[in-house]
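Report on the structure given below.
If you read the sequence from its start, that first residue is 1, and numbering goes on from there.
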Amino acid sequence: MAKIAFILLCHKDPEAIIAQARRLTAVGDCMAIHFDARAPKADFARIRAALADNPNVTFARRRLRCGWGEWSLVAATLQAVDAALDAFPRATHFYMLSGDCMAIKSAEYAHACLDADDADHIESFDYFESDWIKTGFKEERLIYRHLFNERTQKGLFYASFEMQRRLGLTRAVPADLRVMVGSQWWCLRRRTLEAVLAFCRARPDVLRFFRTTWIPDETFFQTLVRHLVPGTEIRSRTLTFLIFSDYGMPVSFYDDHYDLLLSQDYLFARKISPEATNLKRRLGDLYASRGAEFRISNEGRRLYDFITGRGRVGRRFAPRFWETESTLGRDRELMIVVCKKWHVAKRLVARIRDETGLPAMEYLFDEDSAELPDLGGIQTSMEKRSRHRRALMRMLFEYHGTDRMVICLDTGNVDLLRDFHTDRSVTRILQVECAFSDAYLLGHARRVGLAGAQTPQETVDTLLPTIRADVHHEADTIRDAGFEHVHVMREGADPARNAAALSGFLSVPHETGREIAATENLFVD
């Protein structure tokens with residue numbers, strides 16, 4: 001029977017780590033923990049002390065300082081794998097987890113699934129031929145040497161890249177390897193990881209190559225497993241359920257997602273919100289249960305593919321290519337109405353035009369049919385507008401002969417908000433928060449192709465909580481982004497508060513804000 005050794009990479013929340021280790025080992029499975037060396041020593045000491053009497057827990061021999069996109073994440077994984085192989089000789093499978101993961105099936109069910117299919121579960125797609133990386137760096141991840149952390153040493157990261165690019169300092173991929181890419185959340189058999197470690201000892205040239213690639217945790221194991229294991233023994237999928245928002249960030253699950261998670265064809269889920277205490281309790285009890293039955297909806301992969309397809313970004317935390325364009329103008333004001341319900345924002349900006357005379361464009365970066373003047377062709381397609389967004393905005397300011405202008409954006413466009421917020425011009429944001437009925441969310445799912453007219457009600461009931469969570473997560477991300485000059489207008493709020501938000505956003509008298517806020521049927525679907 002399968003015996004799982006969990007490989008846990010974590011860096012915070014020692015109490016949650018302790019609870020996770022106890023839950024997963026209580027049924028006879030085991031765990032190797034790597035706790036980031038950047039975290040406080042006292043937190044690590046607390047974890048070790050709490051788990052000292054648990055024979056099913058071991059620790060990586062070395063704690064490494066880990067950084068997103070760095071080789072250090074792979075090195076930490078290898079440390080934990082080595083410790084697990086040594087400490088748990090009866091472990092048959094090794095499952096990668098983070099501190100945000102939790103089981104969404106019972107241990108009994110998970111073991112039966114692994115016993116039924118003698119294979120490795122790891123996303124492993126051809127790096128150059130697949131579209132797993134949607135935008136941003138692709139070949140550049142491999143052919144240039146990345147010596148600096150993109151998050152903490154952004155200037156050095158891009159200066160080093162640019163110098164190598166200009167001087168033509170590229171390198172070849174090891175000739176005998178077919179580079180693969182996929183999620184870092186895998187489940188591998190014992191003999192596979194033993195072969196990986198043996199390969200690492202025999203091929204220091206391959207390790208040297210991957211050490212200076214960018215985001216190697218998405219390529220290293222994926223490449224070596226495909227190199228060492230017959231394709232018939234690889235299932236190119238992760239057993240961990242994830243949903244990405246349309247700007248490439250993982251969605252968190254909360255207490256009301258319990259039934260949704262159980263119906264997905266996965267063993268674990270990521271990310272469980274720290275605030276979801278009831279969900280954690282219920283999932284913890286579930287893992288130790290026996291005889292539990294699970295009704296798989298088969299909607300999980302469709303939902304997963306849909307949302308990840310909307311925006312996994314290869315260059316997630318990089319300056320975007322349009323940031324190299326010049327400023328909109330230090331003395332200009334760009335006022336952005338951010339709203340998920342496009343019809344609400346369109347009614348609002350129409351009233352703003354009538355009351356203030358300000359030029360106001362609708363969803364020019366979200367909707368092909370947005371009405372725009374002829375600007376020499378730059379406005380003719382969404383691709384051109386997005387690629388030359390600052391140039392487009394400068395031309396619109398000049399076309400209208402104004403230094404103040406209003407546009408609309410969807411809440412999923414947080415990257416564009418960040419871009420405009422960093423400009424020398426003044427950026428003001430009006431976040432319009434609407435109520436979302438099930439009927440509206442179902443209509444939204446149909447508009448984007450997630451559901452159809454014939455989709456059964458049972459499937460709809462499964463999808464709606466996740467769609468609602470994604471919509472709310474977009475709004476939370478904007479609130480948490482730390483933008484300046486943000487005003488909030490809410491459906492159902494006191495009219496005086498909405499009027500104050502509008503007058504502050506538009507820099508107009510309160511009376512004008514009150515007139516706009518009183519727009520008839522503004523929030524009606």
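- By the 30° and 60° cut-offs, the orientation of the rings of F137 relative to F157 is parallel.
- The cationic atom of R237 (NZ for Lys, CZ for Arg) lies less than 6.0 Å from the six-membered ring centre of Y266 and within 45° of the ring axis.
- Contact annotation: the side chain of V432 approaches that of F523 to within less than 4.5 Å [non-hydrogen atoms, C-beta and beyond].
- L64 is listed as a side-chain neighbour of H34, based on a closest heavy-atom distance under 4.5 Å.
- Between the side chain of S437 and the backbone N or O of Y440 there is at least one donor-acceptor pair closer than 3.5 Å.
- Here the CG atom belonging to L73 is positioned 6.5 Å from the CG atom belonging to L9, to the nearest 0.5 angstrom.
- Judged by the 6.0 Å distance and 45° axis criteria, R63 is positioned over the aromatic ring of F44.
- The closest donor-acceptor contact from the side chain of Q153 to the backbone of N149 lies under 3.5 Å.
- The closest side-chain donor-acceptor pair between Y144 and T212, if any, does not fall under 3.5 angstrom.
- Cation-pi check for K154 over F148 is not met; the charged atom does not lie both under 6.0 angstrom from the ring centroid and within 45 degrees of its normal.
- Evaluated for a side-chain contact (heavy atoms from CB on, under 4.5 Å) with L239, the options W185, F268, Y95, W186 yield exactly one hit, Y95.
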- Derivation and outcome, side chain to side chain donor-acceptor pair (under 3.5 Å), residues W214 and E140: CA-CA 8 Å; W214 190 39; E140 296 89 344; over 6 Å; no
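- Here F199 and H227 bring their ring centres to under 6.0 angstrom of each other.
- With sequence neighbours excluded, the residues that form a ring pair (Phe, Tyr, Trp, His ring centres under 6.0 Å) with F210 are F220.
- One side chain, N413 or D366, offers a donor N or O that lies under 3.5 Å from an acceptor on the other.
- Using a cut-off of 4.0 Å between Lys/Arg side-chain N and Asp/Glu carboxylate O, R65 and D36 are scored as not salt-bridged.
- Side-chain contact, N54 with T25: a donor N or O sits under 3.5 Å from an acceptor N or O.
- Donor-acceptor pairing under 3.5 Å is lacking for the side chains of Y127 and Q222.
- Between K3 and D29 there is no salt bridge, since no side-chain N of the basic residue sits under 4.0 Å from a carboxylate O of the acidic one.
- Aromatic pair F35/F59: ring centres not closer than 6.0 Å.
- R141 has a carboxylate O that lies under 4.0 Å from a charged side-chain N of E218, or vice versa, which qualifies the two as a salt bridge.
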